[in-house]
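Chain letters run A, B, ... following the sequence lines, proteins first, then strands; residues in each count from 1.
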Amino acid sequence: MLLKSAMNGTTLVIRVAEDRIDAAGAIQFKERMRALLETPSQRVILDLSDVHFLDSSGLGAVVAVMKLLGPERRLELSGLNSTVEKVFRLTRMDTIFTIHPALAEGLRDAG
Amino acid sequence: MLADGRLIFDPPLAAVRFVLQADPASVQLGLRQAMAVPPLSLLTDAARGDAQIVLAEVLNNVVEHAQDAPMTLASAAAGIRAGPKRAVQITLWLHLVQGQLHCWVEDGGLPMRGGIPEAGVLPDPQDLPEGGFGWHLIRSLCHGLSYRRWKNMNQLIFLIEAG
């Protein structure tokens with residue numbers, strides 16, 4: 001599970017450099033995210049623009065990562081393709097996350 | 001193919017068959033392979049997406065529930081089995097007929113819990129659930145879902161709109 005992280009101002013941007021987050025990779029995704037989130041930041045954007053597919057295990061892992069952040073930092077998402085967006089919408093988890101169409105919008109929108 | 005508006009449990013010879021093992025890595029590989037060839041490769045992006053969501057959730061359910069001993073996706077991914085090891089084989093058949101993807105999933109694992117597919121009640125998003133989405137996704141994106149236990153096999157059949 002390859003995740004690439006970089007600071008952009010006070011925002012931690014983590015890009016999932018994989019084409020899927022599914023049952024086979026969900027645990028590894030959570031463990032890698034846990035390590036990367038130790039970097040302090042005001043905001044965290046998880047960029048999913050390389051991710052073509054996410055199943056319910058992947059969705060559960062993204063929710064688990066949001067909980068790792070605690071109340072002071074929220075997990076924001078960007079770059080969901082139509083299939084990934086559909087999984088969030090059908091489960092109504094799109095109501096829980098701030099979802100930006102693309103990373104650029106996410107970085108522009110401070111908050 | 002359709003009897004009384006429902007699929008019959010025996011796939012036709014023309015259906016494309018995929019054989020995989022009931023573990024997360026094999027499910028991932030099997031799905032990748034199925035997505036790359038007909039009939040799934042012939043579908044629109046939207047229909048392919050729907051099919052991948054439904055098939056992934058159905059196959060994940062088999063991994064979770066069909067083993068000799070209860071197995072969570074977490075323990076399955078970590079390669080940990082709670083009980084005696086026995087490979088459970090899954091066979092998937094797909095057949096595209098008049099804008100509908102006909103799907104058959106058969107496995108030799110334990111019977112489906114309760115003897116019927118779960119209703120798929122969506123957990124409250126405000127509770128930040130980390131699971132319990134699978135059957136809701138399946139039921140949202142397919143129809144004609146039917147299950148039977150037959151000759152020590154689980155057989156699940158359903159249709160996905162592919163037009």
Side-chain angles (χ1 to χ4, degrees), chain A residues 1-2 16 18-34 46 48 50-71 73-77 79-99, chain B residues 20-32 35-36 43-64 71-80 120-142:
Chain A
M1 178 63 62
L2 186 59
V16 181
E18 300 280 347
D19 69 349
R20 56 208 295 133
I21 309 174
D22 61 13
I27 290 175
Q28 215 193 1
F29 169 76
K30 271 192 280 189
E31 285 172 358
R32 293 276 297 116
M33 285 295 292
R34 186 193 301 273
L46 183 65
L48 297 174
D50 289 347
V51 177
H52 299 159
F53 182 68
L54 169 134
D55 68 7
S56 64
S57 299
L59 174 63
V62 173
V63 175
V65 166
M66 175 191 243
K67 292 182 191 171
L68 287 176
L69 279 174
R73 286 192 296 178
R74 280 188 83 80
L75 185 61
E76 303 172 36
L77 308 175
L80 280 60
N81 81 0
S82 58
T83 303
V84 174
E85 188 271 334
K86 196 164 199 173
V87 170
F88 275 86
R89 182 161 41 83
L90 287 173
T91 57
R92 294 179 46 223
M93 296 310 286
D94 59 341
T95 61
I96 296 301
F97 294 91
T98 300
I99 300 177
Chain B
L20 44 155
Q21 301 301 314
D23 67 76
S26 180
V27 164
Q28 186 192 74
L29 181 66
L31 260 182
R32 279 187 198 278
M35 292 296 288
L43 307 183
T44 62
D45 284 350
R48 280 182 91 232
D50 288 357
Q52 181 157 216
I53 294 168
V54 173
L55 292 172
E57 298 305 331
V58 165
L59 297 172
N60 284 344
N61 277 328
V62 175
V63 175
E64 270 195 276
M71 186 183 201
T72 62
L73 281 174
S75 66
I80 301 162
V121 179
L122 191 62
D124 185 344
Q126 298 300 326
D127 296 337
L128 302 181
E130 294 177 33
F133 308 114
W135 279 108
H136 175 78
L137 288 169
I138 294 166
R139 290 185 178 278
S140 298
L141 296 173
C142 78

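Highest contact tally toward chain A, considering only P125(B), A56(B), G49(B), is held by P125(B) [criterion: heavy-atom pairs under 4.5 Å]. Each of D55(A), V84(A), T91(A) has some count of heavy-atom pairs under 4.5 Å with chain B, and the biggest count is that of T91(A). The candidate from Q28(A), H52(A), M66(A), K67(A) with the greatest count of non-hydrogen atom pairs under 4.5 Å with chain B is K67(A). Residue with the most contacts toward chain B among S82(A), G60(A), A26(A): G60(A) (heavy-atom pairs, distance under 4.5 Å).
Only the side chain of R32(B) comes within contact range of chain A, with at least one heavy atom under 4.5 Å from a heavy atom of that chain. Proximity to chain A (any heavy atom under 4.5 Å) is shown, for L128(B), by both the backbone and the side chain. Of the two parts of D124(B), neither the backbone nor the side chain holds a non-hydrogen atom closer than 4.5 Å to a non-hydrogen atom of chain A. Using a 4.5 Å cut-off between heavy atoms, D19(A) contacts chain B through its side chain alone, with no backbone atom that close.
The distance from the CG atom of L90(A) to the CG atom of L122(B) is 9.0 Å, given to the nearest 0.5 Å. For the atom pair OG1 (T95(A)) and CD (Q126(B)), the distance works out to 6.0 Å, reported to the nearest 0.5 Å.
Using a 4.5 Å heavy-atom cutoff, the side chains of V27(B) and D22(A) are not in contact. Residues F53(A) and M35(B) form no side-chain contact, since every pair of their non-hydrogen atoms from C-beta on lies 4.5 Å or further apart. Side-chain contact between K86(A) and D50(B): present, with at least one pair of heavy atoms (C-beta onward) separated by less than 4.5 Å.
When all heavy atoms of V63(A) and P129(B) are compared, the pair lying nearest together is CG1-O, 3.4 Å.
Of the candidates H136(B), E57(B), E130(B), S56(A) forms a side-chain contact (heavy atoms from CB on, under 4.5 Å) with just one, namely E57(B).
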